[in-house]
Each structure stands twice: as structure tokens, then as C-alpha cells.
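None of the values given here were measured: they were computed from a predicted structure. Sequence lines set the chain letters: A, B, ... in the order given, protein chains first and strands last, and positions in each chain run from 1.
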Amino acid sequence: MNTKEFNKALTVTSPPHLKNPETTHTLMFDVLIALIPASAWGVYTFGFRALVLILLSMAASVAFEAAYQFFMNIPVTVKDGSALVTGLLLALCLPVSVPLWLPVVGDFFAIIVVKQIFGGIGKNIVNPAIAARVFLFLAWPDHLSRFTSPGASLPLFANVPFPDTVASATPLAALKTGDMPADDLFDIVLGNVGGTIGEVSSVMLIIGGIYLLVRKTVRWQIPVSYIGTVALLSFVFPRMEYTFNFVALELFSGGLLLGAIFMATDYVTSPVTRSGRLIYGAGCGIITVVIRFFGNYPEGVSFAIMIMNLLVWYIDMFTRPKRFGGVEKNAGK
Amino acid sequence: MKRYSFKGGVHPPQNKNTAGLPVVDMPLPEKVYIPLSMHIGAPCEPLVKVGDSVFKGQIIGDVKSGLGAPVHATVSGKVEAIKVSTNAAGQNTGYIVIQNDFEERLSPDITPSDKAPEEYTIDDVVSAVRKAGIAGMGGATFPTYAKLQSAYGKIKYLIVNCAECEPYITVNHRLMLEHPERIVNGLMLLMKVFGLSRGYIAVEDNKLDAAEALESAIEDPDLIDVCVMETKYPQGDERQIIYALTGRELTSGHLPFEVKCLVLNAETVAAIYNAVIYGMPLIERYVTVDGDCVAEPKNLNVRLGTPISELIDYCGGLTSEPHKIICGGPMMGIAQWDINAPVIKGTSSVIVFSKNKRKRFSFNPSCIHCGRCVGHCPMHLMPNYLYAFAKDGQLDRCVEFDIMGCVECGSCSYDCPADVPIVQTIRAAKGKINEEQRARKAALNKTFVVPEKEDESKKEGRRVEH
Ligand code: SF4
Ligand code: SF4
């Protein structure tokens, strides 16, 4: 054989020479797939306008990311799908009645301010979609607290905030004022209630969550400890007599499932150790319950996740694994 | 049946395509290229001159003092050249080139031992093993005599490592199926010498047929335990085997005898038996030739020093343009830049990958903090942070995070979705840290040590670092 020719073709790199085919790209698309049921339900419940908001938000985030990277002359990484996930998540935690420009402003905040200025994917400290939601909520509280009843299909362009549509109290808002929500539990679990586009149907969110767990895209620790903590605290400190009903309401209404399954589990802003994830989930749960019970807002998921995001480095350090070696177990076997 | 295992690790596709193929003797090569350094330790000095006629099995190079193992002529013939060239690791090594005369004249020095099996002492074994030039055949190539010597009198567990956790490689599997008695006899011999009443053979559960073959070769099942391990990478790492079988954790930088264990590779054990009983030096070994470019993957019995290009030719050549040639497994093996590189004592496989085997998905890897590397690291480190600190040049933080505990198994890089070159970066940082320490030590020596002692202390330092 002509060895000179062959040697030219050879690449020398340091091992390992194999790579698991999973990439950031495939993981992000798994998340998108897992969000399809909840998004579809949102569109089914809140009409065409919900679909437009979702697509608009996804397109805007990708466009902001691509434009920023293009103008900063850094590699354009929109193909990894993370901007799509951010755009979708942001749309899913907005009510259907928000003006069309609102998600675009939110995407700008999420992609440019929270993600890219910190250095792009993997470098941001808080979850971009959560941060944008909190930002929008503080800037335009009215828009984010007006919920439409299911089935009321809103026109695309009309005078926001749609004075003549039915505004509906969400189950959480009712709980806040100390009432049992008017909707029955079955409707709440299925998603026949007022709320943001993506958070209403617990069934659909759980289906997506199971998909992620089966694919091992998301590990069980964060959702289980988050939801478990909320359940436990609601059980121990019920705000009304019907304890079990109350626990179920706390779990299935509001943004808890969307947050616990899809937002708190964002890799970039959650701990890398297993025990760290349990602590982080529990922390999210505690803060959520405290805000729901004692705060001024009916919902606390976004704030809880954002606060815990800030603590991730400390949790990682606190739960740093003990290095292999030095321990003598089962000695003398 | 109980499955022994450890915490962490990954499951790369096994690709044990050659597991069903019996080992065939490769035709003898025209020329062999014997590197003077095929082991950890000092390189050998040549003991022959150009033009000398050599026997098969004759010692042609040896180390003067310190750690090392002699090298032998693996065919009979004439020394054609002694030259220096660069090996795969980038070091300059001497090679002795021998022109084969195909007469297979065996060195008269090689005589079977006349002792009865129970008469062997540790000194007999150590000197026979040293003379035979045996070095860890799993790929680590640590001189085996030194390992035996340091472990003598200190061990309770004698473990033969047949885990073979690297993808593609099946040489140990074939050895267990075709010649289980070589492993069992070797182990029995060592048990006698070490005064142990029990020995262990560790096999992964993707090779249950081999475990059975071993069991049927064992006459007294009370003496030898065949332990079945979960199939997982890096199960074959010394530390992980020890942990799985005994629950003892061995920190890096320490040797197995410190936790009363001695772990030897399957082929090494067979070679020890050959050396002690028949006086046969290590001149050939089994090699798996596989990879998506190889026309007919095979298991071969190859003389050391045979160029890998001849192995590939014997396996029907290549079906497409090679991208990488790897000696050793795809997880820890070394990519070659020269297709004529010879088979050495640690070459358990030659794997040829085409371009489409390893795609880079991102040229701008950015850790997404997914935590997989942390979950998979068998040494329980935080590879993502080690990478970040190393890339940032924060070597002291790397040390604080136990970078020196990394065994460079590559599990982290294998499973990283963001394609971050974690272990590659760690390896470079470890090199830098070692260098700094050496420099500091040298500076210290210059300041404090009287000149006569300088050599001595340098040697000491070198030994500790290996
Ligand atoms: S950090 Fe080192 S020991 Fe841990 S998985 Fe990576 S290569 Fe293996
Ligand atoms: S596996 Fe890769 S992406 Fe995940 S934490 Fe480790 S370095 Fe980061």
C-alpha cells in the first residue's frame, strides 16, 4: 500500500475516539417535542390567536439570536434549538390576550439581555424564558394578569386588552382570596380553565414530562422534589378544610407543572449533581408555596425558579461529590 | 447471578464484532521493527549491532537500571538497522529493525524450567517475568515484574482482569474461550507463589460463554471465583474492578497493593505462565483488527514489531479512506499518524475508522451544564468545572477540584452532548501541573541539595510521578 498517501489522510486526536450521538441539538428538540401536547391544547382551548403568539415568539427568539451573533461576528448557533425552546416557553406562559408585540419584547429581553450578553448558551445564570416572563410581569402587570375563559376565541388584531371578552378568574386567584375555585377539579386537570396558553392542561404537561423522563432528557430529581415539596407543604398547611382537594388544586392549577417539568429542569440553570437537583427542586417548592400563601401574587413559580437559579453554583459546591478513594467499605470481605 | 459493578460509567455501543472469530496466526512479516521502549520506565539500550544475527526470543535491548523491561527479537534473522524515529506519543524512540530469515531459530537461552510447580518462589517468578520482558498487556504497559515484586506479601486479593470493557476489542474474550487453561494455570501459579488460597477472575456479563469456559477449566471451584461484572465502561479500570469486587476505593496516585489487591490483565497472566514454566519471552500477542474501514475484521496472533499496515492488509485491506487508526480501544487508545507503526506489548487492537464514524456537531462547544459528565465520572469528579477552570488557566483551582484524580477514561467526553473536549483539556492541564511541580522540585534541589545527592533525588521524583 502507498503509505505516504494513507498517512496524509490520518487524523491524530487525543482519545476518546467515540462519541455518544446525542447532542445539545437533539436534547433541545426532545424538549420541543415534549411541549407539543401542551401547546396543542393551548391552541385548541384559546383559539387561533394562541397559535400566532407561539409561532411569533419562536420566530422572534431565533431572529434575535441569529441577528445578535451575526452582528457580533460570532458563530451563529441557532441550529442548536435552544432559542426555539426559549421562544416557545415564553409564549406558553403568557395569557392569550396579550398584545402581539409583548412576546417580541420578551424574546428580546430573554435572548439578548439574559442569554447573549452573558456569553450565549450555557453561560446565562437565570433561565431566559423565566427572566423574560418576570420582566414582562413587572413591566406590564395588567397584560399578564388578564386571563381569558377557555373557548372564547379572540380576534388577532383588536383593541387590546379586549374590553368585551370574558375575563376569568384562574383557580389560583380564587384560592388566593380564600375561595374554592368555581371550576371542578376534573376541568382543572384536563385544562378547561382560564390561565396562560401552556399551563392549563396538567394532563398534556404530564404526557410531555413522561416523554422527557423516558428519553432521559430530564432526570426525575427536579420535577419530583419540586412537585413533591409543594404537595407536602400544601398538605401540612392547608388553606382550607378540604385538604386533599386543596393539595390537588395547588398542584394542578397555575404554572407549577409547566415550571417544574420544563423550566426548572433547564440544564444551564440547574445543578449538575443528583443531590443538588433534589435540594434545588425542594427550594423551588418552598419558595413557590411561600409566595402563593403569603405573597402579593397568586403565582410564585417564576420567582421561585429565578431565585433558585441564582443559587445553583452554591448548590453545586455544597453537593460536590466525594472523590473516589480513601473510603474502605465492606473491608474484610 | 450477582453482578458486580461501580458507580458512574457509560455504555458506548460494544461492537464486539469479532467475538465469534477464532484467533488466527498471522503469517510472519518480512521485517520487524522493535521499539526500544514499549513499557513505562526507562528505554532499553540496544545489545546488538547492525549486521548481527539474532535468534527468535533473544534479548536485544535492556534497561541498565531502574524500572523497565527488556525487548526481544521476535523473529530470527539479521539486524538490519538501529534507528531513531518518532512514536505515536510524539517521543523519539529507538527501533531495532530485524530482517526475518524465516528459519525460526529459537534462542538457546530459552529452556523450560525444571522445577516442580510447588517449588517456585517469588524470586523465580519475578526474575523469569523480568527476563521475559512482560509489561501490562491491557495497554498500560507497566513492567509486570515490578508490580509483582511490590505486591508480594501485601495482598489478599489477586484479580485477573478479563473485563475487556473497551468497545471492539475481543482478544481476552477469545483467549478465555480458546485457552481458558492458560489463564487458570497462570492464576494458580501466582496464587501458590503469593500464598493465597483464593483468586478472582473478573468477566463482564457480555461474555458469559467465556465465564463458563473458565469455570469448566477450573478444577477446584473453591480456589478460583469467576466474578461476573455488569457490562459498562470503564469496568476494566483497575480501580473500578477493585471497587466492584472488594468495595475498596483506591485513590489515584496510589497502587493497588495499598488496598491489598493485585490486578493483572488476562493475557499478561497467560504470558507470566509461559515465561515461568517454559521460559518463553513475550514476543507475540493477540490483536483485534476491526473498524468500519476494515474489509474482514479478524483476531490475529501477531509477532511484536509487525507494522500495523501488514495487519490491515492481511484483513483484506481497507474499504474506504481511513480517517483514524487507533492502537488500543476507541475510548483510551492512541491515534496513529503512521500506518507503519509496529505492534507493541500494549497493542490489544488496531481499529480503523472512516470519516463518518466521528462527526463533530459543533465547532464551538459550549457546556450546557447538563451534569452528565458529573454523573458518569467513575472517579466522582466534576469534569465540567475542571474543564472550565483548565480552559481558563486556573490550575490551582483545578488541583483544588482533584484534577489529578482523573484517570483519563474519557467517559465524560464520550457522553457530553455539547461535544466539549473535557478529558482532552484535563489531560493538557494535568501535564502542565506536573511540569510545574517538576520545575519547582528542580529549583528546590538546586537551592538545598548538595551536588552528589542531586541525581538521587531527581530519580526519586521521577518515580513518584509515573
Ligand atoms: S474526569 Fe477523568 S476520570 Fe472523570 S470521566 Fe472524565 S476522564 Fe474519566
Ligand atoms: S456533559 Fe458536557 S455539557 Fe454536560 S455538564 Fe458536562 S461538560 Fe457540560
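For the residue pair Tyr233(B) / His376(B), no side-chain donor-acceptor distance below 3.5 Å is found, with atom types taken as modelled. In the model, Thr13(A) has a side-chain atom that pairs as donor or acceptor with a side-chain atom of Lys324(B) under 3.5 Å. For Glu321(B) and Ser354(B), the side-chain atoms include no donor-acceptor pair closer than 3.5 Å.
Between chain A and the options Cys367(B), Pro378(B), Gly328(B), Pro322(B), heavy-atom pairs under 4.5 Å are most frequent for Pro322(B). Chain A forms the most heavy-atom pairs under 4.5 Å with one residue out of Met332(B), His254(B), Arg372(B), and that residue is Arg372(B). In terms of heavy-atom pairs under 4.5 Å with chain A, the best-connected choice from Lys260(B), Gln336(B), Met382(B) is Met382(B). Across Cys409(B), Gly405(B), Gly333(B), Ser411(B), the residue that shares the most heavy-atom pairs under 4.5 angstrom with chain A is Gly333(B). Heavy-atom pairs under 4.5 Å with chain A peak, among Cys373(B), Pro330(B), Pro13(B), at Pro330(B). With respect to chain B, the highest number of heavy-atom pairs below 4.5 Å among Pro15(A), Ser14(A), Pro271(A), Gly119(A) belongs to Pro15(A). Taking Val312(A), Ile74(A), Thr24(A) one by one and counting their heavy-atom pairs under 4.5 Å with chain B, the maximum is reached by Thr24(A). The most heavy-atom pairs under 4.5 Å with chain A, out of Asp402(B), Asp415(B), Asn384(B), come from Asp402(B).
In this structure, the portion of Ile326(B) lying under 4.5 Å from any heavy atom of chain A is its side chain and not its backbone. For Arg427(B), the part sitting under 4.5 Å from any heavy atom of chain A is the side chain, from C-beta outward, and nothing else. Residue Glu408(B): no heavy atom, backbone or side chain, is found under 4.5 Å from chain A. Looking at Thr26(A), neither its backbone nor its side chain comes within 4.5 Å of chain B, counting heavy atoms on both sides. For chain A, the nearby part of Pro167(B) is the side chain; its heavy atoms alone come within less than 4.5 Å. Using a 4.5 Å cut-off between heavy atoms, Ile121(A) contacts chain B through both its backbone and its side chain.
Taken from OH in Tyr33(B) to OG in Ser85(B), the straight-line distance is 10.5 Å, to the nearest 0.5 Å.
Taking the centre and axis of the six-membered ring of Phe6(B), the NZ or CZ atom of Lys232(B) falls inside the cone set by 45° and 6.0 Å.
Ring geometry, Phe109(A) versus Phe135(A): the interplanar angle falls under 30°, so the pair is classed parallel (tilted spans 30 to 60°).
No donor-acceptor distance shorter than 3.5 angstrom exists from the side chain of His17(A) to the backbone of Met331(B), with no hydrogens or angles considered. The main-chain N or O of Val78(A) is never found under 3.5 Å from a side-chain atom of Ser82(A) such that the two would form a donor-acceptor pair.
In this structure, Trp313(A) has its ring center at least 6.0 angstrom away from the ring center of Phe318(A). For Tyr243(B) and Phe324(A), the gap between ring centers is short of 6.0 Å. Here Phe108(A) and Phe64(A) bring their ring centres to under 6.0 angstrom of each other.
Proximity to chain B among residues 273-286 of chain A is limited to Thr273(A), Arg274(A), Arg277(A), judged by heavy-atom separations below 4.5 angstrom.
Counting non-hydrogen atoms of other residues, nucleotides and ligands closer than 6.0 Å to CZ of Phe29(A) gives a total above 12.
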Sequence neighbours left out, cut at 3.5 Å: what donor-acceptor pairs do the side chains of residues 122-133 of chain A make with other protein atoms?
from: Lys123(A); atom 1: NZ; to: Ser366(B); atom 2: OG; distance (Å): 3.4
from: Asn124(A); atom 1: ND2; to: Val126(A); atom 2: O; distance (Å): 3.1
from: Asn127(A); atom 1: OD1; to: Ala129(A); atom 2: N; distance (Å): 2.8
from: Asn127(A); atom 1: OD1; to: Ile130(A); atom 2: N; distance (Å): 3.1
from: Asn127(A); atom 1: ND2; to: Asp266(A); atom 2: OD2; distance (Å): 3.2
from: Arg133(A); atom 1: NE; to: Ser302(A); atom 2: OG; distance (Å): 3.1
from: Arg133(A); atom 1: NH1; to: Cys93(A); atom 2: O; distance (Å): 3.0

